[in-house]
2 protein chains.
Amino acid sequence: MKATIKDIAKATQLSTATVSRVLSRKEGTYREETAKRVLAAAEKLGYRRNVAAADLASNSLKTIAVILNNTQTNFWQGILDGIQEAALKNHRQFIIFYAGNNNPAMLTQALNNALERQIAGILLVATKMNAEQLAILQHANIPYRFVSIYDPSQLDRTYVSSDNVVIGRLACQYLIDHGHSQIAFAGLDRSATGRERLLGYQQAMTKAGLTIDPTWILNGDYSFENGQSLFPQIHEADVTAVVAASDMIGAGIIQAAAQARVKVPDDLSVISIDGTQVCQMTNPTLTCVQQDFFTIGATSLNSLINNEQS
Amino acid sequence: MKATIKDIAKATQLSTATVSRVLSRKEGTYREETAKRVLAAAEKLGYRRNVAAADLASNSLKTIAVILNNTQTNFWQGILDGIQEAALKNHRQFIIFYAGNNNPAMLTQALNNALERQIAGILLVATKMNAEQLAILQHANIPYRFVSIYDPSQLDRTYVSSDNVVIGRLACQYLIDHGHSQIAFAGLDRSATGRERLLGYQQAMTKAGLTIDPTWILNGDYSFENGQSLFPQIHEADVTAVVAASDMIGAGIIQAAAQARVKVPDDLSVISIDGTQVCQMTNPTLTCVQQDFFTIGATSLNSLINNEQS
DNA sequence: ACACTTTATGTAAACGTTTACAATACAATT
DNA sequence: AATTGTATTGTAAACGTTTACATAAAGTGT
């Protein structure tokens, strides 16, 4: 039988109101000595606050929900660390709902589970939504942010990500600067994220006076396997270099290249986008355009709570 | 203003009790036709269940908390997928609390946050606890399981993991079978997990009539960087092969070996423990003893809910 | 026609907090 | 001495559900 504030009230001969005030630190509404008695009793009884009851009573939503989609790529950690730091600074708690591995049914479920809780807002990490899910989200009338991956249908300020046009441009420019003129772009998905990176790539090519062969653009899903499976097409295409849409894509390409005895970077240069630890694990190591996932995570949380009314 | 069952009751001219019964599917207590009316009204009003209130009223704890420690290794995904599948089968929800990157303060916080919610039990993924945290956990009088990494202080049945002795033995035996007799063991931490794997390694060596030089045992923390930094010691030690305590350790060793122009596997054989995707990203790819993370995750959840009274 | 069972619904208390408002005690001011 | 103000505590309603118990209506068997 768990101890409640009533038990503490009884033990200290105080009212539950006073106990509550002490326990939720409503400073200036109680005497130091009273606080000591209450805290001592709480400690002794092994009291633990019941957030559900508290939220229900106060009708104030403090908790942030994070929906985590298990993409094959691995940058959650940085994003979560950023979210955590920002949450700490703002005295917010966040809880994570797992949406499985790009599984629409699980995502719907995670979304519903989150919305059934008393929640101040939702952060969607690496999440792609279908129309139905988007409708649920918008209907809920709760602030949300797409983090790192987002869709073109999103309005202003509902997503937080790197500047993907710049990223695409930087990656491509790096290869151009190293003397390449036939450059593929591999592993893009059809989200706005993918499209913008592609745009950056196109800008860099155009600015350098280079033309792009349509066979150089290879769609995908950011995964390692996808990188491996795209390699033959890259190899056949008439290119000397490739921008990989993620580290995982890059690693997959490098691995498949090694298998096919194609030398990287001599026969094929690879640059990837993300900058996770994966870049150091391949042989040769991957050159990359780095995303600051920590900042993306922190920014998304801040943006969410500074604009909760939205 | 969110819709509540009261609103639905008003709209349908029914009592909140009946609405509640329909909404929580207490079959056989209402007519089909009533259910239709209720559901229609719920839909129309955009009703969403308030889990907090429901849990509070029913006093039944359904939600499982998962505490996720961000180790440098990357097997969460498999474990989470396993937990998710088991949760689905048992009609349970789970929510994840992030404990940061091996950060004791964050872990304490995550633990407290979890305990403040209405929670049926706790799954601790890759979590190492200090005495204070363990005391909190045990004091809470809630069932829990350590998943994959656990401490020797844990009692029977409070952890779910691979058979780490067997894993250590298998890894070592593989190398022995391939003709090695001087075998190092690198990257072990001081948890029971680490110790048991070491024991398995020792068993295999002893059984093969081989003696172990103390300099062959290298402690660590399962991380990629740790693998890289251990390489010089492995190189200096008089060994032809090494068991890496994790894929990350293995990848680190391989990378450092490549840098040092030591040929793997000709000059140094490496076998790793885990079997994550990382094994395919190195060059050469890593041979490994595979852990079934999915099953570990699923088993841990099942074990938890089948023994909740504990 | 009777008692008895079954089915469907309603009434109201309970869960553990928070908080508006009321009440008290005491000090300071006039 | 009466008044006002301030600091501290208490009273009780409210949050959105669930559920034991009560009730009513309809069906069953004799």
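In the text below, chain A, chain B and the rest are named by the order of the sequence lines, each starting its count at 1.
A/Thr34 comes within 4.0 angstrom of sugar-phosphate atoms only, judged by non-hydrogen atoms across all strands, and of no base. When heavy atoms are screened at a 4.0 angstrom cut-off, A/Gln13 is found touching the sugar-phosphate backbone but no base atom. Residue-level contact check: A/Ala17 touches the bases, meaning some heavy atom is under 4.0 Å from a base atom. Within 4.0 Å (heavy atoms only), B/Leu14 reaches sugar-phosphate atoms of the nucleic acid but no base atom. Counting any heavy atom pair closer than 4.0 Å across all strands shown, A/Ser20 reaches a base atom.
In this structure, the CG atom of B/Asn59 is 10 Å from the C1' atom of C/dA14, given to the nearest Å. In this entry the distance linking CG of A/Leu56 with C1' of D/dG16 reads 5 Å, nearest Å. Whole-Å rounding puts the A/Glu32 CD to D/dT8 P distance at 10 Å. Atom CZ of A/Arg31 and atom C1' of D/dT6 are 14 Å apart (whole Å). A/Leu61 places its CG atom 11 Å from the P atom of D/dG16, with the value rounded to the nearest Å. Distance, B/Leu45 CG to D/dG16 C1': 15 Å, rounded to whole Å. Atom-to-atom, CG of A/Asn50 to P of C/dT18 comes out at 10 Å; the value is rounded to the nearest Å. What separates CD of A/Glu33 from P of D/dT8 is a distance of 11 Å, to the nearest Å.
When each of B/Ala57 and B/Arg37 is assigned the nucleotide of DNA chain C with its nearest heavy atom, B/Arg37 is the one assigned upstream, toward the 5' end. If A/Ser58 and B/Arg49 are placed on DNA chain D by their nearest nucleotide, the residue sitting closer to the 5' end is A/Ser58.
Although no hydrogens or angles enter the test, the distance criterion places a donor-acceptor pair under 3.5 Å between the side chain of A/Thr4 and the main chain of A/Lys6. In this structure a side-chain-to-backbone donor-acceptor pair under 3.5 Å is missing from A/Ser20 to A/Thr16. The closest donor-acceptor contact from the side chain of A/Asn69 to the backbone of A/Ala126 lies under 3.5 Å.
Here the nucleotide nearest the side chain of B/Thr4, chosen from D/dT17, C/dT9, D/dT19, is D/dT17.
Side-chain N/O atoms of A/Arg21 and base N/O atoms of D/dG10 include a donor-acceptor pair closer than 3.5 Å.
Dashed line: the shortest gap from a side-chain N or O of B/Lys26 to OP1 or OP2 of D/dT19 is under 4.0 Å. Contact between the side-chain N/O atoms of A/Tyr30 and the OP1/OP2 oxygens of D/dG10 is not found at any separation under 4.0 Å.
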>> Could you walk me through whether A/Tyr222 and A/Asp189 satisfy the side-chain hydrogen bond (donor to acceptor under 3.5 Å, both in side chains) test, starting with their C-alpha distance in whole Å, then the side-chain angles of each, then the deciding distance to 0.1 Å, before giving a yes or no?
In response: CA-CA 7 Å; A/Tyr222 300 117; A/Asp189 70 350; 2.9 Å; yes

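No side-chain N or O of A/Arg37 forms a donor-acceptor pair with one of A/Thr18 less than 3.5 Å apart.
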